[in-house]
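What you see is a predicted model, and the numbers here were worked out from it, not measured in a lab. Letters go in sequence order (proteins before strands), and every chain restarts at 1. Basis for what follows: all heavy atoms, side chains included, without hydrogens, waters or symmetry-related copies.
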Amino acid sequence: MKSIHVKLPDGKVTEVASGAKVGELAASLGVNSNVIAAKIDGTQVDLERALSRDCTLDWIPLDSSEGVDILRHSTAHLMAQAVQSLFPGTQVTIGPTIEDGFYYDFKRDASFTPEELQKIEDRMRELARSNLKVIREEMPRQKAIQLFRKLGEEYKVAILEEIPDETVSLYRQGDWVDLCRGPHVPSTGVIRAFKLISVAGAYWRGDERNEMLQRIYGTSWPTEEALREYLRLLEEAKKRDHRRLGKELGLFMVSDTIGPGLPLWLPKGAIVRSILERYIVDLERSLGYEHVYTPQLARVELYQRSGHWDHFKDNMYPPMVFEDKEELVLRPMNCPHHVMIYQHELRSYRDLPLRLAELGTMYRYERSGVLSGLSRVRAMTLNDAHIFCLPEQIQSETVSVLRLIERVYRDFGFTDFWYRLSLRDAKDKGKFVDNDAMWDNAERCLRQALAEVGIQYKEAEGEAAYYGPKIDVQLRDVLGHSETLSTVQLDFYLPERFGLEYVAKDGQRRRPVMIHRGVISTMERMMAFLIEHYAGNFPLWLSPVQIKVMTVTDQQKDYGQKVFDKLKVGGWRVEFDDRNEKLSYKIRAAQLAKIPYAVVIGDREVKDQTVSPRRRGGETLKAMAVEDFVQTLKSEVARELGNELSGSGG
RNA sequence: GCCACCCUAGCUCAGUCGGUAGAGCAACUGAUUCGUAAUCAGUAGGUCGCCGGUUCGAAUCCGGCGGGUGGCUCCA
């Protein structure tokens with residue numbers, strides 16, 4: 001019998017008989033029983049895989065990221081097995097792993113009820129307990145097609161018909177079989193800590209023209225503790241949800257009567273917003289942006305000219321018609337308005353780059369199913385700017401926008417984000433402007449800028465704007481959804497459509513380039529992120545109410561009022577709680593309202609003409625004069641602005 | 001827009017098998033004057049999302065519509 005050399009993870013080389021199984025080698029070496037799969041020369045394999053040549057071997061333990069992924073995939077299989085045993089006639093389609101879990105899409109006429117979900121979970125536990133061996137089997141593709149056709153699995157047949165390989169692999173556990181690349185856990189007994197989460201509709205192959213399948217989401221973990229911890233984190237995340245905190249803290253509301261996706265900013269939310277607006281406008285002005293105001297209505301012709309009407313109509317509200325003459329639309333974007341400002345006078349190359357910025361309110365018709373709190377709305381105010389520049393300024397302008405984005409994120413302490421280079425889908429002719437040279441050029445410019453700043457990014461085909469490619473910055477909300485916060489879009493198209501010109505050094509008329517950019521997104525979405533980011537505990541400089549003055553008894557009302565007035569006049573956002581309640585009751589209320597400072601006033605403070613501040617969270621400061629307290633506040637704000645807003649760390 | 005689920009007082013939620021609504025918190029009134037996360041008592045508050053149907057009778061059953069939630073699709 002031939003023997004082969006296997007290099008183990010510790011670097012040692014061992015000799016085994018050709019044909020020995022990976023799992024047998026693991027057992028003979030006494031490796032951790034947690035190992036559920038392995039990698040041969042970097043390719044994942046089951047423990048049942050036979051070793052047939054010299055190779056390098058790595059173990060995949062259950063609690064490694066690869067191991068958990070395999071576990072979840074196997075759990076998806078277990079669920080499909082349970083579903084098909086409980087509901088004969090249900091067809092399987094695909095069942096991949098996703099972050100923190102898995103799903104499987106089924107074709108079944110009825111949808112799954114919550115009770116059925118529970119039944120499925122129960123059946124899964126039975127199947128797991130019976131510890132079925134998971135067996136891989138390879139067969140010619142045509143034979144597999146016959147097999148699944150006989151089983152009535154039309155979707156699997158469809159998938160098989162598109163697989164290029166002539167040999168495919170199946171996995172069997174008990175009497176159940178599925179088409180799958182693998183690898184899988186050696187037996188169902190490995191699957192212990194799982195939970196089915198929800199049912200949802202999903203289109204076959206993700207195309208809404210196709211039939212809708214029933215998708216079941218679930219999660220699976222190496223241990224019960226890990227599962228419990230995950231479920232606990234989910235609960236925690238829900239408490240940070242901006243929709244919940246927005247309601248609890250009185251920041252914003254949505255009214256059915258006004259309409260979905262049209263949020264109202266309550267006084268406290270409006271304070272935060274106005275501070276944010278001042279922050280970004282000041283920052284932009286310091287960087288050479290000029291702010292403008294433009295109207296929210298425009299003639300339809302404007303958008304026909306800009307191309308929005310052809311490419312963006314589905315997201316626009318229908319026009320308002322006046323006496324069959326004039327048609328006006330609510331604007332979905334203000335780039336054409338800024339184009340008009342550019343064209344208002346003859347521009348010289350010396351005027352460029354011209355950076356026009358606006359906090360502009362836009363209206364976009366979003367399909368009802370996608371609306372969500374403040375992060376997905378139909379009326380929104382964008383932190384928008386359009387940079388008109390010379391072609392040779394593209395890179396430096398793009399770089400400075402990227403630096404601005406990085407600066408702002410540092411200021412607010414955002415760390416969980418990534419860059420996406422969004423490109424067109426060249427096959428989708430209707431969706432994107434058709435001009436290959438223009439797209440290629442724009443794409444090259446963006447790549448160069450990203451390289452200059454040294455930014456890592458992922459590419460996404462089909463995510464571009466209709467007029468050009470863009471760099472998007474994706475942030476994750478507390479529930480794990482990724483949303484675009486910032487964007488830099490390069491546009492050769494609108495300048496062409498509107499015939500923009502500048503007078504070059506040689507006196508010739510030339511065409512400028514436009515860069516569309518948004519840094520803090522819309523005020524709505526930024527607010528949503530900030531609420532979740534701070535879990536409602538806004539830093540002092542942003543907090544809608546900064547201080548709550550409270551008396552211990554009615555005896556201190558007069559002095560309390562004086563303290564309150566002094567702070568109010570000093571420009572602090574302060575409230576006075578002089579209700580006839582116990583101090584601890586008032587403290588609790590202030591804490592729940594997430595107010596940074598409670599200022600306690602009792603007999604001692606009246607006598608000494610002091611205040612006793614208590615920080616949100618419970619830290620009590622020693623009694624001090626109001627003036628000293630104000631100094632404390634001032635230095636705290638300075639520290640926040642210093643650290644957060646200069647980006648100097650901290 | 002599509003699939004599923006949900007909608008009861010300002011908020012969070014009970015409400016068995018159909019017999020015209022209940023709690024806690026908040027609000028208000030009174031008592032209490034109490035020093036760092038809930039003092040006690042009382043009062044008021046709801047066309048049970050809306051419209052229609054079944055029924056002697058509907059928060060409860062059925063249908064339609066609206067809104068929300070989780071997904072799908074879309075996402076400038």
Side-chain angles (χ1 to χ4, degrees), chain A residues 98 103 105 110-114 116-117 197-217 238 241 243-244 247-248 250 253-257 259-261 306-308 311-316 332-335 362 364-373 376 380 382 384 422 431-432 460 462-468 470 472 479 481-484 487 489 491 516 518 522 550-557 579-593 598-605 612-621 623:
Chain A
I98 50 175
Y103 67 78
D105 286 348
S111 48
F112 295 101
T113 64
E116 286 172 341
L117 221 57
I197 304 283
S198 64
V199 198
Y203 302 105
W204 165 239
R205 293 198 158 135
D207 188 328
E208 65 179 325
R209 287 166 303 195
N210 289 339
E211 63 270 39
M212 185 158 276
L213 308 170
Q214 304 295 323
R215 174 173 299 179
I216 304 179
Y217 283 91
K238 276 189 197 154
D241 188 322
R243 291 165 300 190
R244 175 179 174 144
K247 189 188 269 186
E248 284 175 8
M253 62 171 280
V254 186
S255 152
D256 287 3
T257 314
S306 70
H308 288 97
H311 294 276
F312 204 66
K313 201 175 165 196
D314 288 349
N315 283 294
M316 290 172 67
M333 295 182 190
N334 58 357
C335 9
M362 316 293 162
R364 299 179 188 178
Y365 179 75
E366 297 284 358
R367 299 219 259 175
S368 61
V370 308
L371 299 174
S372 175
R376 198 101 199 142
M380 70 218 78
L382 261 68
D384 214 356
S422 295
K431 194 170 158 188
F432 303 100
E463 295 286 339
Y466 74 82
Y467 45 73
K470 54 182 182 148
D472 292 320
L479 297 174
H481 309 125
S482 174
E483 289 270 23
T484 304
T487 181
Q489 312 177 356
D491 184 1
H516 308 240
T522 64
M550 54 189 67
T551 52
V552 176
T553 74
D554 287 349
Q555 310 308 313
Q556 301 92 31
K557 266 190 181 182
R579 290 178 298 177
N580 178 11
E581 296 288 353
K582 288 173 72 167
L583 179 64
S584 53
Y585 180 87
K586 300 183 190 182
I587 292 276
R588 180 168 191 272
Q591 177 72 39
L592 291 175
V599 163
V600 174
I601 292 177
D603 284 339
R604 288 202 297 273
E605 285 74 18
S612 288
R614 174 196 193 271
R615 287 212 170 96
R616 173 177 58 198
E619 184 196 355
T620 55
L621 279 55

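Among the heavy atoms of the strands lying under 4.0 Å from A:Tyr217 are primed sugar atoms or P, OP1, OP2 only; no base atom is included. In this structure, A:Asn315 reaches neither bases nor backbone, as no heavy-atom distance under 4.0 Å exists between it and the strands shown. Using a 4.0 Å heavy-atom criterion, one finds that A:Tyr103 contacts no nucleic acid atom at all. Here A:Ala598 lies out of heavy-atom contact (under 4.0 Å) with every strand. Among the heavy atoms of the strands lying under 4.0 Å from A:Gly206 are primed sugar atoms or P, OP1, OP2 only; no base atom is included. If you check every strand for non-hydrogen atoms under 4.0 Å, A:Gln555 touches sugar and phosphate atoms only. Residue contacts for A:Pro260: at a heavy-atom cut-off of 4.0 Å it reaches the sugar-phosphate backbone alone, with no base atom in range. Within the nucleic acid shown, A:Ala202 comes within 4.0 Å of sugar-phosphate atoms alone, with no base atom in reach, counting heavy atoms only. At a threshold of 4.0 angstrom between heavy atoms, the contacts of A:Asp314 with the nucleic acid are absent. A:Ile197 comes within 4.0 angstrom of nothing in the nucleic acid, heavy atoms only. Nucleic acid contact for A:Lys586: none, since no nucleic acid atom lies under 4.0 Å from a heavy atom of the residue. At the heavy-atom level, A:Ser584 lies under 4.0 Å from the strands shown only through sugar-phosphate atoms. Residue contacts shown for A:Ser612 include a base, since a base heavy atom lies under 4.0 Å away. When heavy atoms are screened at a 4.0 angstrom cut-off, A:Arg215 is found touching the sugar-phosphate backbone but no base atom.
Nucleotides B:U47 and B:C5 have their P atoms positioned 28 Å apart, rounded to a whole Å. Taking the P atom of each, B:C61 and B:C11 are spaced 23 Å apart, rounded to whole Å. Straight-line distance between the P atoms of B:U8 and B:G46: roughly 15 Å, to the nearest whole Å. Separation of the C1' atoms belonging to B:C51 and B:G66 is 10 Å when rounded to the nearest angstrom. If you take atom C1' in B:C7 and the same atom in B:U39, they sit 36 Å apart, rounded to whole Å. For the C1' atom pair drawn from B:G45 and B:C28, the interatomic distance equals 10 Å after rounding to whole Å. Taking atom P on both nucleotides, B:C74 is separated from B:A9 by 38 Å, rounded to a whole Å. Comparing the P positions of B:C2 and B:U73 gives a spacing of 16 Å, expressed to the nearest Å.
With contacts defined as side-chain heavy-atom distances shorter than 4.5 Å, the pair A:Glu483/A:Arg376 qualifies. At least one side-chain heavy atom of A:Gln591 sits less than 4.5 Å from a side-chain heavy atom of A:Arg616. Using a 4.5 Å cut-off on side-chain heavy atoms (C-beta onward), A:Asn315 and A:Pro332 make no contact.
With hydrogens and angles disregarded, a donor-acceptor distance shorter than 3.5 Å links the side chain of A:Lys586 to the backbone of A:Thr551.
Here B:G35 presents its P atom at 15 Å from CD1 of A:Ile601, a figure rounded to the nearest Å. Distance, A:Ile587 CD1 to B:U36 P: 8 Å, rounded to whole Å. The separation between A:Phe432 atom CZ and B:C75 atom P is 7 Å, rounded to whole Å. To the nearest angstrom, C1' of B:G70 lies 12 Å from CG of A:Leu117. Here B:U12 presents its P atom at 15 Å from CG of A:Leu592, a figure rounded to the nearest Å. Separating the CD1 atom of A:Ile98 from the P atom of B:G70 is a distance of 15 Å, rounded to the nearest angstrom. Taking atom CG of A:Leu371 as the reference point, atom P of B:G1 lies 9 Å away to the nearest angstrom. Summarising the geometry, the separation between CG on A:Leu583 and C1' on B:U39 is reported as 13 Å, rounded to the nearest angstrom.
For the pair A:Ser111 and B:C3, the criterion of a side-chain N or O lying under 4.0 Å from OP1 or OP2 is not met. Side-chain N/O atoms of A:Lys247 include one lying less than 4.0 angstrom from OP1 or OP2 on B:U12. Residue A:His481 has no polar side-chain atom (N or O) positioned under 4.0 Å from OP1 or OP2 of B:G70. OP1 or OP2 of B:C72 has not a single side-chain nitrogen or oxygen of A:Arg367 nearer than 4.0 Å. Proximity of A:Arg243 to the phosphate of B:U69: a side-chain N or O atom is located under 4.0 Å from OP1 or OP2.
Going from atom CE of A:Met362 over to atom CE of A:Met316 covers 12.0 Å, rounded to the nearest 0.5 Å. Distance check: A:Ser372 OG to A:His481 NE2 gives 8.0 Å after rounding to the nearest 0.5 Å. For the atom pair CZ (A:Arg615) and CG (A:Leu621), the distance works out to 5.0 Å, reported to the nearest 0.5 Å. In this structure, the separation between CD1 on A:Ile216 and CG on A:Asp105 is 9.5 Å, given to the nearest 0.5 Å. In this structure, CZ on A:Arg205 lies 10.5 Å from CG on A:Leu213, to the nearest 0.5 angstrom. Atom CG of A:Asp241 is separated from atom CD of A:Glu248 by 10.0 Å, given to the nearest 0.5 angstrom.
For A:Leu382 and A:Thr553, each mapped to the nucleotide of RNA chain B holding its nearest heavy atom, the one lying further toward the 5' end belongs to A:Thr553. Residue-to-nucleotide proximity on RNA chain B shows that, of A:Val370 and A:Lys470, the 5′-proximal contact is made by A:Val370.
Side chains of A:Thr487 and A:Gln489: a donor-acceptor N/O pair is present below 3.5 angstrom, by distance only.
Where pairing requires Watson-Crick or G-U contacts shorter than 3.5 Å, the helical stems of RNA chain B with at least three consecutive pairs are B:1-7 with B:66-72, B:10-13 with B:22-25, B:27-31 with B:39-43, B:49-53 with B:61-65.
Looking at A:Arg209 and A:Asp207, a side-chain N of the basic residue comes within less than 4.0 Å of a carboxylate O on the acidic one, giving a salt bridge.
Aromatic ring orientation, A:Tyr466 versus A:His308: perpendicular (interplanar angle above 60°, classes split at 30° and 60°).
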Listing time: all N or O pairs from protein to nucleotides 27-31 of chain B that are below 3.5 Å?
residue: B:A27; atom: OP1; partner: A:Arg579; partner atom: NH1; Å: 3.1

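Contact of A:Glu605 with B:G35 (side chain to base): a donor-acceptor pair of N or O atoms is detected under 3.5 Å. Within 3.5 Å, no donor on the side chain of A:Tyr365 pairs with an acceptor on the base of B:G1, nor the reverse.
Distances were taken from every side-chain heavy atom of A:Thr620 (C-beta onward) to each of B:U36, B:G67, B:G35; the shortest belongs to B:U36. Taking only side-chain atoms of A:Pro114, from C-beta outward, the nucleotide of B:G1, B:C5, B:U36 with the closest atom is B:C5. Picking from B:A37, B:U73, B:C34 the nucleotide with the shortest atom distance to the side chain of A:Glu208 gives B:U73.
Only one option out of A:Asp603, A:Ile601, A:Val600 pairs with A:Val552 in a side chain to side chain contact (heavy atoms under 4.5 Å, CB included); it is A:Val600.
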